[in-house]
Amino acid sequence: MIEVRNLTKIFNRGKFNETAAVLDVSLKVKDRSIVALTGPSGCGKTTLLSMIGLILTPTSGEILYDGENVLLASDFWRTMFRRQSFGFIFQHINLLPQYTTLENILLPLYSSDVDPWEYEGKAREWLSRLGIADRAEHLVEQLSGGEQQRAAFVRALIKEPKYIFADEPTVFVDEETSRIIYKILSSMRDSGKTVLLSTHDPELMKIADETYRFCKGRLV
């Protein structure tokens with residue numbers, strides 16, 4: 001289980017442009033569940049998601065995974081924990097244009113103690129499942145927005161992480177891709193994964209076990 005206690009993030013603290021992005025947020029995310037964060041743009045959803053995913057460091061508060069406050073661990077330990085246990089689906093897809101779809105999917109594995117090409121079969125299986133097997137050798141610029149988002153999903157899921165973080169995963173895709181994403185996230189939960197996402201999509205919220213609404217950095 002993930003537990004967040006009194007989490008706060010203030011950017012540019014003490015300066016004229018100080019911004020309180022997240023204020024005193026506490027919540028729990030049960031294992032094998034989908035939890036949605038929703039609210040207007042700029043309310044702090046992405047910042048909170050980034051802190052729980054150990055990409056951003058909070059100004060104050062605690063983040064507990066299975067009862068342990070991971071903020072007390074070293075930077076190296078948090079990096080290794082994130083690398084081994086997390087999968088990220090970013091709002092801005094962040095595929096590298098100079099590489100093919102398949103190479104983009106395998107690229108993050110180079111930082112792990114594995115041979116990335118051992119995962120080629122699994123990557124192609126996922127691409128087939130998502131209906132873009134024929135795009136494996138295409139460069140990113142040759143893919144549509146929906147195809148790029150599907151490739152980003154495969155990249156996040158290739159190592160079967162325990163925790164999946166998705167920031168507005170359906171915001172830039174068509175209806176067909178959105179339906180595929182709903183099914184993927186539901187299947188991830190059913191297979192024992194924990195999914196934490198931010199979204200404005202009412203259909204995506206319907207598959208969530210719990211939904212937290214934010215306004216101006218606070219839970220409402």
Side-chain angles (χ1 to χ4, degrees), residues 1-5 7 25-39 44-55 63-68 70 81-91 93-94 105 108-109 112 119 121-132 146-214 219:
M1 183 174 73
I2 306 171
E3 185 175 359
V4 172
R5 297 177 180 171
L7 210 61
V25 169
S26 297
L27 57 80
K28 293 181 180 180
V29 179
K30 296 178 182 177
D31 289 341
R32 302 182 179 184
S33 68
I34 298 176
V35 171
L37 311 176
T38 189
K45 302 187 301 296
T46 297
T47 299
L48 179 61
L49 203 66
S50 297
M51 288 191 290
I52 299 174
L54 304 182
I55 295 174
I63 301 171
L64 286 77
Y65 280 84
D66 296 329
E68 295 206 18
V70 295
F81 180 57
R82 182 175 63 239
R83 186 180 296 170
Q84 294 165 4
S85 303
F86 296 175
F88 295 96
I89 302 158
F90 300 101
Q91 181 175 344
I93 297 168
N94 295 334
I105 290 167
L109 297 173
S112 303
Y119 287 78
K122 182 179 290 188
R124 291 186 183 276
E125 182 181 333
W126 266 107
L127 290 172
S128 178
R129 181 177 173 184
L130 292 173
I132 55 170
E147 289 169 341
Q148 290 182 29
Q149 185 63 284
R150 297 183 207 188
F153 259 79
V154 180
R155 180 183 59 187
L157 303 175
I158 190 67
K159 282 190 68 178
E160 299 186 2
K162 181 177 180 180
Y163 303 101
I164 299 161
F165 298 87
D167 187 13
E168 298 282 5
T170 60
V171 70
F172 294 128
V173 299
D174 55 30
E175 187 176 342
E176 178 190 1
T177 303
S178 292
R179 286 196 298 268
I180 292 172
I181 289 172
Y182 305 150
K183 291 179 180 179
I184 292 172
L185 294 177
S186 295
S187 70
M188 291 297 99
R189 171 185 54 198
D190 296 342
S191 66
K193 313 301 183 186
T194 301
V195 181
L196 183 60
L197 56 88
S198 69
T199 187
H200 289 96
D201 185 342
E203 295 300 315
L204 191 51
M205 283 183 256
K206 287 180 182 178
I207 70 170
D209 299 287
E210 291 185 276
T211 299
Y212 291 96
R213 182 168 179 79
F214 286 82
L219 264 180

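For this chain, numbers begin at 1 and follow the sequence in order.
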> So, T170 and R179: side-chain donor and acceptor under 3.5 Å apart, yes or no?
Replying inline: no
> Between S26 and L219, which heavy-atom pair has the shortest distance, and what is it?
Replying inline: O-CD1, 3.1 Å
>> Going by the rule side chain to side chain contact (heavy atoms under 4.5 Å, CB included), which residues pair with E125 if we only count those two or more places apart in sequence or in a different chain?
In response: none
> Under a 4.5 Å cut-off applied to non-hydrogen side-chain atoms, are L64 and V70 in contact?
Replying inline: no
>> Rounded at 0.5 Å granularity, tell me how far CD1 in I34 sits from OG in S186.
In response: 4.5 Å
> According to the ring-ring contact (aromatic ring centres under 6.0 Å, His included) rule, which pairs have a member within residues 180-213, sequence neighbours left out?
Replying inline: none
> What pair of heavy atoms forms the shortest contact from P169 to Q149, and how long is it?
Replying inline: O-NE2, 3.1 Å
>> Using a 6.0 Å cut-off, check whether atom CD of E68 has over 12 heavy atoms from anything other than its own residue.
In response: no
> Among all residues two or more places apart in sequence or in another chain, which pass the side chain to side chain contact (heavy atoms under 4.5 Å, CB included) test with R213?
Replying inline: T38, P40, V220
> Of the non-hydrogen atoms in A151 and I132, which two are nearest, and what is the gap between them?
Replying inline: N-CD1, 4.0 Å
> A36: what forms a side chain to side chain contact (heavy atoms under 4.5 Å, CB included) with it, not counting sequence neighbours?
Replying inline: L197, T199, M205, A208, T211
>> Side chains of T177 and R150: any donor to acceptor distance under 3.5 Å?
In response: yes
>> Rounded at 0.5 Å granularity, tell me how far NZ in K159 sits from CG in L109.
In response: 6.5 Å
>> I'd like to check the salt bridge (Lys or Arg N to Asp or Glu O under 4.0 Å) partners of D174; sequence neighbours left out, ordered by chain and number.
In response: none
>> Test of understanding: with salt bridge (Lys or Arg N to Asp or Glu O under 4.0 Å), list the residues that count as partners of E160, not counting sequence neighbours.
In response: K122
> If you measure from CD on E203 to CD1 on I181, what distance do you get to the nearest 0.5 Å?
Replying inline: 13.5 Å
>> Just to verify, what does R124 make a side chain to side chain contact (heavy atoms under 4.5 Å, CB included) with, not counting sequence neighbours?
In response: L102, E120, A136, E137
> Taking side chain as C-beta onward, heavy atoms only, is V35 less than 4.5 Å from K30?
Replying inline: no
> Quick one: are L185 and F153 in side-chain contact, heavy atoms under 4.5 Å?
Replying inline: yes
>> Tell me every residue that passes salt bridge (Lys or Arg N to Asp or Glu O under 4.0 Å) with E168, counting only those two or more places apart in sequence or in another chain.
In response: none
> Taking it one step at a time, do T194 and I164 satisfy side chain to side chain contact (heavy atoms under 4.5 Å, CB included)?
Replying inline: CA-CA 6 Å; T194 301; I164 299 161; over 6 Å; no
>> Could you go through F88 and I55, starting from their C-alpha distance and side-chain angles, then the distance that decides it, and tell me whether this counts as side chain to side chain contact (heavy atoms under 4.5 Å, CB included)?
In response: CA-CA 10 Å; F88 295 96; I55 295 174; 3.6 Å; yes
> Do the non-hydrogen side-chain atoms of R155 and P108 ever get within less than 4.5 Å of each other?
Replying inline: yes
>> For residues 182-199, which residue pairs pass the salt bridge (Lys or Arg N to Asp or Glu O under 4.0 Å) check, not counting sequence neighbours?
In response: R189-D209
>> I'd like to know whether L7 forms a side chain to side chain contact (heavy atoms under 4.5 Å, CB included) with M51, so could you lay out the CA-CA distance, the side-chain angles of the two residues, the decisive distance to 0.1 Å, and finally the verdict.
In response: CA-CA 9 Å; L7 210 61; M51 288 191 290; 3.8 Å; yes
> Can you tell me how far the CE atom of M1 sits from the CZ atom of R32, to the nearest 0.5 Å?
Replying inline: 15.0 Å
> Of all residues at least two apart in sequence or in a different chain, which pass the side chain to side chain donor-acceptor pair (under 3.5 Å) check with T46?
Replying inline: D167
> So how far is it from F214 CZ to L27 CG, rounded to the nearest 0.5 Å?
Replying inline: 5.5 Å
> For K162, what residues pass the salt bridge (Lys or Arg N to Asp or Glu O under 4.0 Å) criterion, not counting sequence neighbours?
Replying inline: D66
> What's the spacing between L196 CG and L49 CG if we round to 0.5 Å?
Replying inline: 5.0 Å
>> Run the ring-ring contact (aromatic ring centres under 6.0 Å, His included) test against Y163 and tell me which residues pass, sequence neighbours left out.
In response: Y65, F86
> Do D201 and V171 come close enough that some side-chain heavy atom pair is under 4.5 Å?
Replying inline: no
> Just by distance, do the side chain of S191 and the backbone of M188 share a donor-acceptor pair under 3.5 Å?
Replying inline: yes
>> Tell me the closest heavy-atom pair linking I105 and A123, and the distance in Å.
In response: CG2-CB, 4.0 Å
